[in-house]
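Notes follow the structure.
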Amino acid sequence: MTALLSLQAVSKRYGAVQANAGIDLVVDPGSIHAILGENGAGKSTLMKLIYGVESPDAGVMLWKGQAVNLNSPAEARALGIGMVFQHFSLFETLSVVQNIALIVPGRKADLARRIRALGDEFGLDVDPEAMVHALSVGERQRVEIIRCLLLNPELLILDEPTSVLPPQSVARLFETLRALQARGMAILFISHKLEEIKELCDTATILRGGQVTGRLDPRAHSAKDLATLMIGRAMPPPLPATVQEVGEVRLELGGLDYVNDDPFGVSLSDISLRVHSGEIVGIAGISGNGQQELAALISGEVVQAGDMIRMMGRSVDAVGVAQRRKMGFAFVPEERLGRGAVPEMSLADNALLTAHGAGLVQRGFIHRTPERAYTAACIARYDVRTPGPEAEAGALSGGNLQKFIMGREMMLDPKLLLVSQPTWGVDIGAATDIRQRLVAMRNAGAAILVISEELEELFQICDRLHVLHKGHLSPSLPTAQTNAEQVGTYMIGAGA
Amino acid sequence: MRVSFIRRERASRMAMLLAPIAAFACAIVASVILFTLLGKAPGQALYSLLLEPFLTWYNFSEVLLKMAPLLLIAQGLAIGFRANVFNIGAEGQLIIGAIAASALPVWYPQGDSGFMLPAMLAMGALAGMAWAGIAAMFRTRFNANEILVTLMLSLIAAQVLNYLLLGPWKDPHGFNFPQSVMFPDAALLPILLPGTRVNISLLFALVASALAYILMRHRFAGFQLLVGGLAPRAARYAGFSEARAIWVSLLLGGLAAGLAGAAEVAGPLGQLQRSVSTGYGYSAIIVAYLGGLNPWGIVISAFVMSVIYIGGDNAMVSADLPIAAVWVFQGLLLCFYLAGLTFIRHKVSFTRKPRATP
């Protein structure tokens, strides 16, 4: 049998970074093939090469045994390769069928009919006339998949398709993918979630540092084996879960309402929540359900009148970020560049950004020696890979900058810490380290609120969970007494 | 073929230093072409423009005289520019400063108190601040763009000046010229270099440069302004007040321009005239950018710009150049410098194929 797609010794380099080094890959027709690897392992680069977004520096790509040289995604689509990106490319102000008509030729009425037919056949039901901004993330993903399917691809590439979905939608996506497989379509499934790959895929190619470290049948291997191939060592041990008495209330939201002026933003209604000293409370939910708005209201970047937010027992609605920080509040935002850090400034100056109160500024003058010492300590303790405190923040990789910002805020020894997406883009080893430090801070009496999309992470470190869905917050769910299914129900708004 | 500009991770320091020099060279080449097209001898024009200011002590002292207001204003403006607060109306703030400073000698033309001069300078500085403060108020209260407000306030300031010089403040013995009485000696700045017109306002400008350096390099307040300019969302995240940045930027810019205006009437002019400013407020914008918004760079660019000012005056006489040609030279200088900055911050890539859209 001729392979559908075959790559031989494909390499790609970006500046100093060898993103792909001599990659071999064989995808058979009718196979669901996993590309497994950590952030930065070269998965996305490889997909861009296959989809014609980038050209390889070296190596050969064969499509049904014929050497091809793709110069654009249009050429890839013409061959029969479709791709659904992690970040959707849909116009929110257009309807489903209008969005699809931008790429797929045909009359709108015909397209709408074909969209419904595909929906029935593969469980991808979505209303062709619906406006995209009114669709849930799962529905948007279905639109993207339908758009690919309308072009009759033989190979479908899905980049981290489950990262944005609640557990129930994941099960549904998998049914769709299996139905497509049964029709003979090959699927490249990119992920770093081991259990999903074991459940869905029949072949896995594992990448680490731009190279292939394994090619196997994931159903026949344990998650531990896969992880070892993926990160080059055994999975770090899980965190010891200790129950402890909680102390006084450090953050209290009492019926917080917020009306967003932005028509595409999320309004919050009646959010009530308490975080005590000595506990970690998690906010689960899919991004875009009000997480950004909630974080900005707690941090003080958005201020509104009322008496709905209390910190350390004091009403803080009227005061801004600076005052809240003085009271012992610290915050790690989900955007690192441009918000958590100034890309053009050195790490030392970025330490000054929020740690100025820690003796770095005296009588209005910046003291360079303590500034450097604070930065150097942060770099050393949090394993930030950088030439030193003078390096520009913008030159650091996302994961390294995240470690730096986490370190900067945690070294302030806050009474109340708000963390958005603590381990986005951070490799597994460093992520475990960050989680362990959060737990250590909790044990030392800090109150911590974590907003994260990674359910696994929340279950690992949190004492209690809330779920945010369309601006509404679920009741408090003690982690020990809940499970992913229950949380998932709240994530799609079906919880009662 | 497609040309795209890709932001560099790091701008080269060497290139940052070379950019103003390269811009200067390009401006010379372009103006040679321009002068030739105008039918003027380019060699003679450039000689007058760039060399004559150095050839006599008098000319050189005039360069230093021009440098004082340019340097003072540019330092004030650069602080705001680095915070992304664009005060384009230093011209108006200078005029209002000059008017406020002139009030005392106009009302007390025989005054000989030692307090007259300090009071004039203080009034000029405060009036400049107040004039810029109007723009700050509009920006923070109504979110009105400070570029437009400061610019429009300059036009108003010019009309206020016209009104005063054609009406209440016109010198009754001045043959109907639109100018005030000559100021008494007590209202004039001491001369710094004997035998020239250079007064101690040059020292004000140099002190202001040192203060600007300390503010932007060593003071936390300056750091907050920089963060606000580079990454406004990071400033909000860290709790640095945007309103405060707007007020500080505009007030400091207004203070410097107002003081410069006071120093003009109390210095080389010795009275309030309609030509109290020959575009210092606008040229200072060019000076600030040519100096890379760096306090020491601005000292150099203020000097260069003053040379062009004095050289331009010479060229009008000896090379028969219109004054507009000098302004064109200044404009070319800024354009080439900004173009150079684009290449320093971005690399240009030429690609064969159109960029793929996913």
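Just so it is clear: chains get the letters A, B, ... in the order the sequence lines come, proteins before strands, and each one is counted from 1. All figures in this text were calculated on a predicted structure; none of them were measured in a lab.
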Partner chain B: residue of A:Pro343, A:Gly340, A:Gly338 with the largest heavy-atom pair count (under 4.5 Å): A:Gly338

Note, B:Phe220 side chain near A:His367 side chain (heavy atom, < 4.5 Å): no

A:Glu335 portion near chain B, given a 4.5 angstrom heavy-atom threshold: side chain

Ionic contact status for A:Glu301 with B:Arg233, cut-off 4.0 Å: no

Contacting moiety of B:Leu226, where chain A heavy atoms sit under 4.5 Å: both

Heavy-atom closest pair, residues B:Arg217 and A:Arg368: O-NH2, 2.6 Å

Crowding at CD1, B:Ile300 (>12 non-hydrogen neighbours, <6.0 Å): no

Residue, of A:Pro333, A:Ala322, A:Ser299, A:Gly320, that accumulates the most heavy atom pairs under 4.5 Å with chain B: A:Pro333

Contact check, side chains of A:Val321 and B:Arg236, non-hydrogen atoms, under 4.5 Å: no

Residue selection (most heavy-atom pairs with chain B, distance under 4.5 Å) from A:Leu352, A:Thr354, A:Asp349: A:Leu352

Check: A:Val361 and B:Phe223 side chains under 4.5 Å, non-hydrogen atoms: no

Test item: A:Ile366 and B:His218 side chains (from C-beta on) under 4.5 Å apart, heavy atoms: no

Contact winner vs chain A - B:Ala234, B:Gly239, B:Ala221, B:Ala231, heavy-atom pairs under 4.5 Å: B:Ala234

Ring centres under 6.0 angstrom apart (A:Phe331, B:Tyr237): yes

Other residues, nucleotides, ligands: >12 heavy atoms within 6.0 Å of B:Phe81 CZ: yes

